[in-house]
Amino acid sequence: MMNGFACIFVPDFPLEALLRAEPELRSQPVAVLEGKAPLQKVFVGNEKARHAGIEPGKTKPQVEACAGLVLRNRSPLQETAAHAALLDCAQSFSPRVEDREYGTVVLDLDGLEQLFGPFPKIARALARRTSALGLEAHVAVASNPDTAVLAARGFSGVTVIPGGKEAEQLGGLPVEVLFMGS
């Protein structure tokens, strides 16, 4: 049994917090605005919005003409509620949880294999439970917390990195992933 840490990372967290509150919007192009009117700008958009040319930094007037685009203001209340749900999810697996930042939590998995099974099974269960909360997340498991965080930020879905394979697995990640949130 090796030491293990899991990271749950929710990409585009302000958007995911919004979609958790309004799941019916998942099938539509959606952009989250930040700032005060009339200077609001796109903070983040979903894939459908990106395909329509909606990019972070564009002003509200620049994107309002996009047919079918749903615009919502960033909601600190929704983000706080979504992050609290993410922490609850993590704590339902492990009493040792580190709150890194909104949308990112790290769990110490030491001793949990006896309760939940091997690390890949735990990672899949974390991903399923997070999705059931209305948040689409990446989950990674590794022998140290920093590797788990980098893997969750850098790879979609569920990733398990065996001990001793960290450099091999993380070596191809873009530099911006390595410095995210630091």
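- H138 is linked by a ring pair (Phe, Tyr, Trp, His ring centres under 6.0 Å) to nothing, counting only residues two or more places apart in sequence or in another chain.
- Residues that satisfy the salt bridge (Lys or Arg N to Asp or Glu O under 4.0 Å) test with R26, not counting sequence neighbours, are E16.
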Please lay out, stage by stage, how V141 and I122 fare under the test side chain to side chain contact (heavy atoms under 4.5 Å, CB included). CA-CA 9 Å; V141 173; I122 295 171; 5.8 Å; no
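- Tracing side-chain contacts under 4.5 Å through hydrophobic residues (I, L, V, M, F, W, Y), one reaches L112 starting from L87; they form part of the same cluster.
- Grouping the Ile, Leu, Val, Met, Phe, Trp and Tyr side chains by contacts below 4.5 angstrom, directly or via other members, places L33 apart from V30.
- Between A17 and Q78, the closest heavy-atom pair is CB-O, 3.7 Å.
- Atom CZ in F5 sits 7.5 Å away from atom CG in D110 (nearest 0.5 Å).
- Taking 4.0 Å as the cut-off between side-chain N and carboxylate O, D146 and R100 count as a salt-bridged pair.
- The minimum heavy-atom distance between L69 and A31, with the atom names listed, is CD1-N, 4.0 Å.
- One finds the CG atom of L135 at 9.5 Å from the CD1 atom of I8 (value rounded to the nearest 0.5 Å).
- For the atom pair CZ of F116 and NZ of K121, the computed distance is 10.0 Å after rounding to the nearest 0.5 Å.
- Partner of Q91 under the side-chain contact (heavy atoms from CB on, under 4.5 Å) criterion, chosen from L107, V97, L86, V105: V97.
- Side-chain heavy atoms closer than 4.5 Å link hydrophobic residues (I, L, V, M, F, W, Y) into clusters, and following such links, possibly through other members, connects L71 to I54.
- Put simply, CD on E101 and CZ on F13 are 10.0 Å apart, with the number rounded to the nearest 0.5 Å.
- L133 and L19 fall into different hydrophobic clusters, defined by Ile, Leu, Val, Met, Phe, Trp and Tyr side-chain heavy atoms under 4.5 Å apart, directly or through other members.
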I'd like to know whether F93 forms a side chain to side chain contact (heavy atoms under 4.5 Å, CB included) with L126, so could you lay out the CA-CA distance, the side-chain angles of the two residues, the decisive distance to 0.1 Å, and finally the verdict. CA-CA 8 Å; F93 283 86; L126 281 165; 3.3 Å; yes
Side chain to side chain contact (heavy atoms under 4.5 Å, CB included) between R124 and V139: does it pass, once the steps are laid out? CA-CA 8 Å; R124 289 189 302 273; V139 177; over 6 Å; no
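- No donor-acceptor pair closer than 3.5 Å links the side chain of D12 to the backbone N or O of L15.
- Within the 3.5 Å criterion, the main-chain N or O of P38 finds no donor-acceptor partner in the side chain of Q40.
- Closest non-hydrogen pair, G163 versus S143, comes out as CA-OG, 4.2 Å.
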Before you tell me yes or no, could you show the steps for T104 and C7 under side chain to side chain contact (heavy atoms under 4.5 Å, CB included), namely the whole-Å CA-CA distance, both residues' side-chain angles and the distance that decides it to 0.1 Å? CA-CA 7 Å; T104 304; C7 176; 3.8 Å; yes
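- For residues 28-43, every residue pair satisfying the salt bridge (charged side-chain N to carboxylate O under 4.0 Å, His left out) rule, not counting sequence neighbours, is listed here: E34-R74.
- The heavy-atom pair separating G103 from H83 by the smallest distance is N-ND1, 3.1 Å.
- The hydrophobic cluster containing Y102 does not contain V32, counting ILVMFWY residues as joined when their side-chain heavy atoms lie under 4.5 angstrom apart, directly or transitively.
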Could you go through residues 56-63 and list every donor-acceptor pair under 3.5 Å that involves a side-chain atom there, pairing it with any protein atom two or more places apart or in another chain?
residue : atom : partner : partner atom : Å
K58     : NZ   : G53     : O            : 2.8
T59     : OG1  : Q62     : N            : 3.3
T59     : OG1  : Q62     : OE1          : 3.2
Q62     : OE1  : T59     : N            : 2.7

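- In this structure, F155 and L170 have side chains that are in contact, with non-hydrogen atoms separated by less than 4.5 Å.
- Applying the salt bridge (Lys or Arg N to Asp or Glu O under 4.0 Å) rule to E136 yields no partners; only residues at least two apart in sequence or on another chain are considered.
- A148 and A6 make their closest contact through CB-C, 4.2 Å (heavy atoms, listed as atom of the first residue, atom of the second, distance).
- Closest heavy-atom contact between A152 and A140: N-CB, 3.4 Å.
- Contacts of E22 classified as side-chain contact (heavy atoms from CB on, under 4.5 Å), with partners at least two apart in sequence or in another chain: L18, E24, L25, R72.
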